[in-house]
Colleague: 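Can you read through this structure? Questions will come right after.
As the structure is a computational prediction, the values presented were derived from the model and not from experiment.
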Amino acid sequence: ESIESDDFRAELLRSYNAHIIWSKELSQSIYAEQNIRITVELNHTLCAFGQWYYSESRYETEALIPNLAPVLLQMEEPHRQLHQSATHIKRTVEEASDEEYHEALISAQRYYHQNTLSYLDELGVLFNQAIALAERKSEDAHGQVYAVANYSRSSTLLLALGALVLAVLIAVSLTRSILRDVRSGIAYAQEVAEGNLLAELGTHSKDEIGELLKHFERTVYKLSLIHI
């Protein structure tokens, strides 16, 4: 969702800038000193924004971003009037006779400032509102991604900590077992050294140290038989 809302926000910015450029081109046409030709798009359904506005993509985006639908609905009329203002200016200039041309041109310029720019400003406010909603949606989506990432990182740290604690406990347990066998072996060796060949080692573990002590005990036992 974050990628989709980011893409939509970028598309809104492009569309708004495209209409600003459209307005500038219209202005340059009616203020040209000669060969006035108005070539901007006159049909509001055929500009890039208009094509998107009247497509299924618009409704998919409205479902994605809460509160966007009312803003887009308000954009339809000023957007239509903006393009129609260019149609009005074009007819005013092109249908004027030679005698009426100068007055028609002044009228077109006045209409541009009073109407075209007014529609553009109104549309700009709505574009900004739609962009703000897209930004809010993007921030929420990014926040959810960060939350999942933080949760995963925390879970990994907890698992690592748990594994470390388990390793320490195992090491402590093994160390105690080894020390117990070593102490038993030392005590047994001391008794044998003092001449007690009948001393008993007692129980011992089944690891390498335990096996060593077992062989030691058997050796002492064999020595005791010879001594007897």
Side-chain angles (χ1 to χ4, degrees), residues 1-32 35-94 105 107-153:
E1 290 186 0
S2 62
I3 295 176
E4 292 178 351
S5 54
D6 285 343
D7 290 343
F8 176 63
R9 179 180 57 181
E11 188 59 38
L12 284 176
L13 286 170
R14 283 193 292 270
S15 295
Y16 183 40
N17 289 334
H19 283 84
I20 292 175
I21 294 172
W22 177 94
S23 177
K24 182 179 179 181
E25 291 176 353
L26 179 59
S27 174
Q28 291 173 341
S29 297
I30 60 177
Y31 280 96
N35 298 326
I36 294 178
R37 295 180 65 249
I38 297 176
T39 59
V40 297
E41 180 59 62
L42 304 178
N43 191 329
H44 68 288
T45 66
L46 297 182
C47 70
F49 176 72
Q51 292 181 35
W52 172 85
Y53 189 89
Y54 295 102
S55 70
E56 288 297 323
S57 297
R58 168 192 168 187
Y59 301 106
E60 294 173 358
T61 306
E62 289 178 343
L64 174 67
I65 302 177
N67 304 321
L68 180 63
V71 177
L72 290 179
L73 185 62
Q74 294 179 61
M75 295 175 76
E76 182 173 21
E77 188 60 18
H79 180 244
R80 181 185 64 80
Q81 291 176 328
L82 179 67
H83 284 270
Q84 284 189 350
S85 70
T87 301
H88 175 85
I89 290 173
K90 182 179 176 69
R91 288 176 179 171
T92 299
V93 174
E94 292 183 355
L105 186 58
S107 175
Q109 294 169 353
R110 185 184 304 114
Y111 187 89
Y112 172 84
H113 286 283
Q114 293 178 350
N115 295 277
T116 303
L117 293 183
S118 176
Y119 299 142
L120 181 65
D121 288 342
E122 184 178 355
L123 191 61
V125 171
L126 295 170
F127 263 117
N128 286 331
Q129 291 180 11
I131 291 170
L133 290 173
E135 288 178 344
R136 194 174 308 151
K137 176 63 177 179
S138 178
E139 290 172 356
D140 291 343
H142 283 302
Q144 293 175 1
V145 171
Y146 294 147
V148 171
N150 289 333
Y151 176 78
S152 298
R153 184 162 53 249

Colleague: Less than 4.5 Å apart, side chain to side chain, heavy atoms only: is that true for H88 and Y111?
Modeller: yes
Colleague: Would you compute the distance between atom CD of E62 and atom CG of L64 and round it to the nearest 0.5 angstrom?
Modeller: 11.0 Å
Colleague: Using 0.5 Å steps for rounding, measure from the OH atom of Y53 to the NE2 atom of H79.
Modeller: 9.5 Å
Colleague: Just wondering, do S29 and V40 contact through their side chains at under 4.5 Å, heavy atoms?
Modeller: no
Colleague: Evaluate L82 against W22 for side-chain contact (heavy atoms from CB on, under 4.5 Å), listing each step before the verdict.
Modeller: CA-CA 10 Å; L82 179 67; W22 177 94; 3.6 Å; yes
Colleague: Considering residues at least two apart in sequence or located in another chain, which fulfil the side-chain contact (heavy atoms from CB on, under 4.5 Å) criterion with N67?
Modeller: L133
Colleague: Shortest non-hydrogen contact from T61 to W52?
Modeller: OG1-CZ2, 3.7 Å
Colleague: Quick check for you: to the nearest 0.5 Å, what is the distance between L72 atom CG and F49 atom CZ?
Modeller: 6.0 Å
Colleague: How long is the span from the CG atom in N128 to the CG atom in L123, to the nearest 0.5 Å?
Modeller: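 Spacing of CG (N128) from CG (L123) equals 10.0 Å.
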Colleague: Show your working on ring-ring contact (aromatic ring centres under 6.0 Å, His included) between H19 and H83 and close with a plain yes or no.
Modeller: CA-CA 10 Å; H19 283 84; H83 284 270; 5.5 Å; yes
Colleague: Please check this pair: side chain of S23 against backbone of I20, looking for a donor-acceptor N/O pair closer than 3.5 Å.
Modeller: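 Such a contact is absent between S23 side chain and I20 backbone.
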Colleague: Rounded to the nearest 0.5 Å, what's the gap from OG1 on T45 to CD on E76? Could you check?
Modeller: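 Interatomic distance, T45 OG1 to E76 CD, rounded to 0.5 Å: 10.5 Å.
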Colleague: To the nearest 0.5 Å, what is the distance between NE2 on H44 and OH on Y54?
Modeller: 3.5 Å
Colleague: Can you name the closest pair of heavy atoms from A108 and I30 and give their distance?
Modeller: O-CD1, 4.1 Å
Colleague: In sequence, state the C-alpha distance, the side-chain angles, and the governing distance for Q84 and R80, and then conclude on side chain to side chain donor-acceptor pair (under 3.5 Å).
Modeller: CA-CA 6 Å; Q84 284 189 350; R80 181 185 64 80; 2.7 Å; yes
Colleague: Please check if the side chain of Q109 supplies one atom and the backbone of Y31 the other of a donor-acceptor pair under 3.5 Å.
Modeller: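 Pair absent, no side-chain N/O of Q109 close to backbone of Y31.
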Colleague: Return the minimal non-hydrogen interatomic distance between L126 and P78, and the atom names on each side.
Modeller: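 Nearest pair, atom of L126 first, then P78: CD1-CG, 4.0 Å.
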